Amino acid sequence: MQTLTIIQPDDFHLHLRDGDAMQSVVAYSARQMGRALIMPNLKPPISTVAQALAYKKRILAALPENSNFQPLMSLYLTDKTTVETVREAKAAGIVAFKLYPAGATTNSDSGVTDLFKLLPVLQEMAEQNMLFLTHGEVTDPEIDIFDREAVFIERVMKPILAKVPNLKVVFEHITTAQAAKLVCESGDNVAATVTPQHLMYNRNHLLVGGVRPHFYCLPILKRESHRQALVDAVTGSYAHKFFLGTDSAPHPKNAKENACGCAGVFSALTAIELYAQIFEENNALDKLEAFASKNGARFYGLPENSRTITLIKQSQKVPESVVFGDNEVVPMCAGQEILWSIQEA
């Protein structure tokens, strides 16, 4: 049987929610990942150091006994974020600030309305060597939803990089050829995370034959040429600039399957197995370890994890749903056979 042992991976974009819902899902990530960058878009958002440290305590308390999983905390960037907030965050061990343009995605109502008014804050991030994580979409209603990322690059990302050239930026969950090109052509201070759904699926999976709500995420799935561009990016000459960030975002089944379903794909249940399948299908299994376990750690200035995990070429059937607080959540590839499994210790 084929096996693959790699340095334990990290997930540099993870939604855990809170309370009983978090208690239901955190073990899935802890089983695979050494660390995860925790997203701050709770209600209310995690926008202060005190909130972030309290949230971290709740995450640690929810972990299985003897877990070595380490949550890395970020703060939600708002119009009210100050230079002093950046300094306080740095001193407290917060690793990043996350940009949610107002109205862009789940719980983004408190997001930034004009990033250029926060230039002093971004300059302080650069001074403090703190990472700036971007949900890279504009939210203007006149912009087609499939074009929001490409327009963000021209209107926001390029001008910000020109004004704060030493800012360390992670372009999160990229979905387009334009975003991959920008990352490849930018300096070493710019990198990107890529999700399993954007490497595996295109917009046909969401829309052909009827709308499939469990494929709906933001940024939305794009056409096949963009999916292929992402595969080429994570396996090509500039692959060192791309790393694992699932954007795993659990929502109750009944909140996805209704007349106004929410955005998000829950991939944490089998994340590393899905990435292994994707890389193998593209004849790049030898590049999985760098993508999953090395590139992100290097960009974040962290040591590689000291542990390893072993994947085995043994199919498993993904459950139709799993418990999520007092509800259930439908995982990515629900009911399907996937090709890889984690070898249990």
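Since the structure is predicted, the reported quantities are computational estimates derived from the model, not experimental observations. FYI, side chains are in, hydrogens and waters are out, and symmetry mates aren't considered; it's all heavy atoms of this structure.
F324 approaches H251 most closely through the heavy-atom pair CE2-C, 3.8 Å. Across every non-hydrogen atom of V318 and M332, the tightest pair is CG1-O, 3.6 Å. Residues M73 and I94 share a closest heavy-atom pair of O-CG2, 3.2 Å. Shortest non-hydrogen contact noted between L60 and F69 is CD2-O, 4.3 Å. When all heavy atoms of M200 and I278 are compared, the closest pair comes out as CE-CG1, 3.6 Å. Here the closest heavy-atom approach between residue P9 and residue I272 is recorded as CG-CD1, 4.0 Å.
There is no path of hydrophobic side-chain contacts, each under 4.5 Å, that joins L206 to V208. In the hydrophobic clustering of ILVMFWY residues, with side-chain heavy atoms under 4.5 Å counting as a link, I174 and V151 come out together. Cluster membership for V330 and I338, using ILVMFWY side-chain heavy atoms within less than 4.5 angstrom, is not shared. Linking ILVMFWY residues whenever their side-chain heavy atoms come closer than 4.5 Å, directly or via other members, places V156 and L161 in the same cluster. Under the 4.5 Å side-chain heavy-atom criterion for Ile, Leu, Val, Met, Phe, Trp and Tyr, L207 and L218 are members of the same hydrophobic cluster.
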Could you go through the salt bridge (charged side-chain N to carboxylate O under 4.0 Å, His left out) check for R87 and E127 one step at a time? CA-CA 10 Å; R87 293 170 183 160; E127 287 293 316; over 6 Å; no
Passes side chain to side chain contact (heavy atoms under 4.5 Å, CB included), I312 versus T3? Steps please. CA-CA 4 Å; I312 54 175; T3 65; 3.7 Å; yes
Please lay out, stage by stage, how H198 and C217 fare under the test side chain to side chain contact (heavy atoms under 4.5 Å, CB included). CA-CA 10 Å; H198 291 110; C217 58; 3.7 Å; yes
Could you walk me through whether R35 and Y300 pass the side chain to side chain contact (heavy atoms under 4.5 Å, CB included) test, one step at a time? CA-CA 12 Å; R35 296 167 292 217; Y300 273 77; over 6 Å; no
Could you go step by step and tell me if V25 and R17 meet the side chain to side chain contact (heavy atoms under 4.5 Å, CB included) rule? CA-CA 9 Å; V25 299; R17 309 311 184 200; 5.8 Å; no
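At least one donor-acceptor pair closer than 3.5 Å links the side chain of D144 to the backbone N or O of F146. Remark: side-chain polar atoms of N295 are not paired, donor with acceptor, to backbone N or O of K241 under 3.5 angstrom. No donor-acceptor pair closer than 3.5 Å links the side chain of D10 to the backbone N or O of F12. The main-chain N or O of G111 is found under 3.5 Å from a side-chain atom of Y76 such that the two form a donor-acceptor pair. With hydrogens and angles ignored, the 3.5 Å screen pairs no side-chain donor or acceptor of Q343 with any backbone N or O of T310. Looking at H226, its side chain never comes within 3.5 Å of a backbone N or O of R223 through a donor-acceptor pair. Under a 3.5 Å cut-off, the side chain of Q32 and the backbone N or O of A268 do form a donor-acceptor pair. With hydrogens and angles disregarded, a donor-acceptor distance shorter than 3.5 Å links the side chain of E149 to the backbone of T175. With Q51 contributing its side chain and S47 its backbone, the two residues share a donor-acceptor pair below 3.5 Å. Proximity of a side-chain donor or acceptor of Q70 to a complementary backbone N or O of A36 within less than 3.5 Å is not detected.
Atom CD of Q197 sits about 12.0 Å away from atom CD1 of I220, to the nearest 0.5 Å. Here OG1 of T85 is found 8.0 Å from CG of L75. Values are rounded to the nearest 0.5 Å. L339 contributes atom CG, which lies 11.5 Å from atom CD of Q314 (distance to the nearest 0.5 angstrom). Atom NZ of K158 is separated from atom CD of E154 by 3.5 Å, given to the nearest 0.5 angstrom. Note: I309 CD1 to Q8 CD = 6.5 Å, rounded to the nearest 0.5 Å. Atom OG1 of T235 is separated from atom CG of L285 by 12.0 Å, given to the nearest 0.5 angstrom.
The pair K256-E328 fails the salt-bridge criterion, with no side-chain N (NZ, NE, NH1 or NH2) lying under 4.0 Å from an Asp/Glu carboxylate O. Ionic pairing of K117 and D79 is not present here: no N-O contact between side-chain nitrogen and carboxylate oxygen is shorter than 4.0 angstrom.
Atom CG of N258 has more than 12 heavy atoms from other residues, nucleotides or ligands within 6.0 Å. Around atom CG of D188, no more than 12 heavy atoms belonging to other residues, nucleotides or ligands sit under 6.0 Å away. Counting non-hydrogen atoms of neighbouring residues, nucleotides and ligands closer than 6.0 angstrom, the CZ atom of R298 exceeds 12 such neighbours. Heavy atoms from other residues, nucleotides or ligands lying under 6.0 Å from CG of D147 number more than 12. For E142, the CD atom is densely surrounded, since the number of other residues' heavy atoms within 6.0 Å is greater than 12.
A cation-pi arrangement, defined by a distance under 6.0 Å to the six-membered ring centre and an angle within 45 degrees of its axis, is absent between K287 and F291.
With 3.5 Å as the limit, one finds no donor-acceptor pair spanning the side chains of T176 and K222.
Side-chain contact between E172 and Y100: absent, with no pair of heavy atoms (C-beta onward) separated by less than 4.5 Å. Side-chain contact check for I153 versus F171: some heavy-atom pair is nearer than 4.5 Å. Between L302 and L72 the shortest side-chain heavy-atom distance falls below 4.5 Å. A 4.5 Å side-chain heavy-atom check between V322 and F266 finds at least one atom pair inside the cut-off. Between V164 and N166, the closest side-chain pair of non-hydrogen atoms falls below 4.5 Å. T270 places none of its side-chain heavy atoms less than 4.5 Å from the side chain of C333. The side-chain heavy atoms of F132 and L122, taken from C-beta on, include a pair separated by under 4.5 Å. I160 places a side-chain heavy atom less than 4.5 Å from the side chain of L119.
Relative orientation of the F243 and F299 rings is tilted, given thresholds of 30° and 60° on the angle between their planes.
Of the residues T195, T246, D247, T193, the one that meets the side chain to side chain donor-acceptor pair (under 3.5 Å) test with H13 is D247.
If you look at H135 and H173, their ring centroids are closer than 6.0 Å.
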